[in-house]
**Q** 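Got a structure for you, written out below as structure tokens; questions coming shortly.
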Amino acid sequence: MAYSYKFCFGPWNISEGIDPYGPTTRPPQTFDWKLDALKKMGFDAMMFHDDDAVPDIDSKSEAQIRKETKELKKKLDDAGVAAEMVAPRLWFSPNTIDGAYTSNDARHRQYALDRSLRCIDIGNLLGTNLIVLWLAREGTYLRESKSGRRSVELLVQALDKMLAYDKKARLCIEPKPNEPMDHAYLPTIGHALAIAQLTRDAKRVGCLIESAHSILAGLDPADEIDFAMSFGKLWSLHLNDQNGLKFDQDKPFGSTNLRTAFNQVRALERNQYGRKGEYVCFDVHPFRTTKPEHFLAHLENSRRTFLKLLAKVRSFDEKSAQKFIAARDYQGLDQMVIEHLLGK
Ligand code: XUL
Ligand code: MN
């Protein structure tokens with residue numbers, strides 16, 4: 001029997017429209033409003049940065065962090081919503097101006113590590129052992145300011161300390177090739193899976209694919225999905241869309257390229273993504289022009305597009321496709337895919 005997928009998004013996906021050249025265009029909403037919206041829309045889980053779970057986390061004591069996390073867990077339980085993952089937000093603090101795990105300042109590296117360990121604690125209290133690491137500022141504007149070799153060593157040290165801190169924690173690397181930096185040390189899924197092999201427990205280091213990040217790396221996200229899933233390493237997913245090699249756009253899933261989106265859903269189906277409890281998360285943002293009354297449309301639309309593409313994947317005429325493939329008639333196959341997507 002065909003199985004169904006579970007869906008997820010984060011509080012930051014109900015965003016206010018600020019960009020580097022203009023202010024917000026929609027009023028902020030409270031966390032409770034966002035959780036209520038998620039529940040009403042019938043999503044299954046919420047993903048968190050550590051400071052989505054505990055705002056102003058750096059100014060709070062361990063005891064206060066525990067208290068607030070437990071309060072959040074109660075809210076989630078009451079709403080019947082799971083916490084999918086927790087990610088340390090390592091890119092806002094004055095301590096991470098020169099990067100986090102690879103900062104040239106040992107005190108700042110320690111800050112990044114301490115914050116990551118607290119993030120594991122928060123995950124445990126929220127009922128998830130999945131820790132997502134998007135490294136943001138681990139790149140450098142100036143190649144000569146850091147040694148790439150040393151940075152890899154520092155990254156491995158940080159991963160090892162997290163793995164040693166909690167034997168159940170699973171570290172999920174979310175690669176992105178650029179933005180906010182021009183380059184990153186872990187730009188692709190290949191890099192994420194390779195660095196896992198250098199750690200003390202490679203089995204507990206996996207990855208998260210974001211469609212836009214793969215596209216920014218010049219790769220096809222469907223190929224990244226097949227690659228990661230060949231290693232059993234795709235533990236989370238941020239579906240969205242992206243118009244070429246520009247800034248990260250976090251457009252609704254399928255917004256730019258329906259066929260690429262179709263192929264991502266196809267890769268997920270062929271690899272049985274979700275069978276081990278993984279969620280389909282949408283890391284999408286409303287367009288800046290979106291009015292407050294359409295605040296949630298990008299999330300509903302992303303799921304709607306996903307489900308419509310899932311129906312297209314499941315009704316794809318595999319037999320006819322195989323005939324075209326056997327005859328090396330890829331022209332015919334191409335048109336068949338286009339007409340299938342266009343519908344009657
Ligand atoms: C940044 C990005 C992040 C991560 C979580 O491009 O995608 O929101 O998903 O830290
Ligand atoms: Mn993401």
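As the structure lists them, so they are numbered: ligands from 1, and atoms in each ligand from 1.
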**Q** Please check if any side-chain donor atom of Y101 sits under 3.5 Å from a side-chain acceptor atom of S116, or the reverse.
**A** yes

**Q** Can a non-hydrogen atom of H213 be found less than 4.0 Å from any atom of ligand 1?
**A** yes

**Q** For atom 5 (C) of ligand 1, find the nearest protein heavy atom and state the residue, atom name and distance (0.1 Å precision).
**A** H49 NE2, 3.2 Å

**Q** If you measure every N or O of H238 against every N or O of ligand 1, does any of those distances drop under 3.5 Å?
**A** yes

**Q** Counting no waters, what protein N/O/S atoms lie under 2.8 Å from the Mn ion (ligand 2)?
**A** E174 OE2, E210 OE1, H238 ND1, D283 OD2

**Q** Using a strict cut-off of 4.0 Å, indicate which atoms of ligand 1 neighbour a heavy atom of D248.
**A** 6 (O)

**Q** How close do V132 and E174 get, counting heavy atoms only, and between which atoms?
**A** CG1-OE1, 3.7 Å

**Q** Do P252 and S302 have side chains that get closer than 4.5 Å, going by heavy atoms?
**A** yes

**Q** Does any N or O in the side chain of R26 come within less than 3.5 Å of the main-chain N or O of T290, such that one atom is a donor and the other an acceptor?
**A** yes

**Q** Taking all non-hydrogen atoms of both residues, which atom of I131 and which atom of P88 are closest, and how far apart?
**A** CG2-CD, 4.2 Å

**Q** I'd like to know if the side chain of E278 reaches the main chain of W235, judged simply by a donor and an acceptor atom lying under 3.5 Å from each other, with no hydrogens or angles considered.
**A** no

**Q** Taking the six-membered ring for Trp, are W91 and H49 ring centroids under 6.0 Å apart?
**A** yes

**Q** Does D283, backbone or side chain, put an N or O under 3.5 Å from an N or O of ligand 1?
**A** yes

**Q** We want to know whether E153 and Q157 form a side-chain donor-acceptor pair, criterion being a heavy-atom distance below 3.5 angstrom.
**A** no

**Q** My understanding is that only one of F48, F43, Y279, F282 makes a ring pair (Phe, Tyr, Trp, His ring centres under 6.0 Å) with F9; could you say which?
**A** F43

**Q** Would you mind listing which atoms of ligand 1 come within a distance below 4.0 Å of any non-hydrogen atom of E174?
**A** 2 (C), 4 (C), 5 (C), 7 (O), 9 (O)

**Q** Is F48 near ligand 1, meaning one of its heavy atoms is under 4.0 Å from it?
**A** no

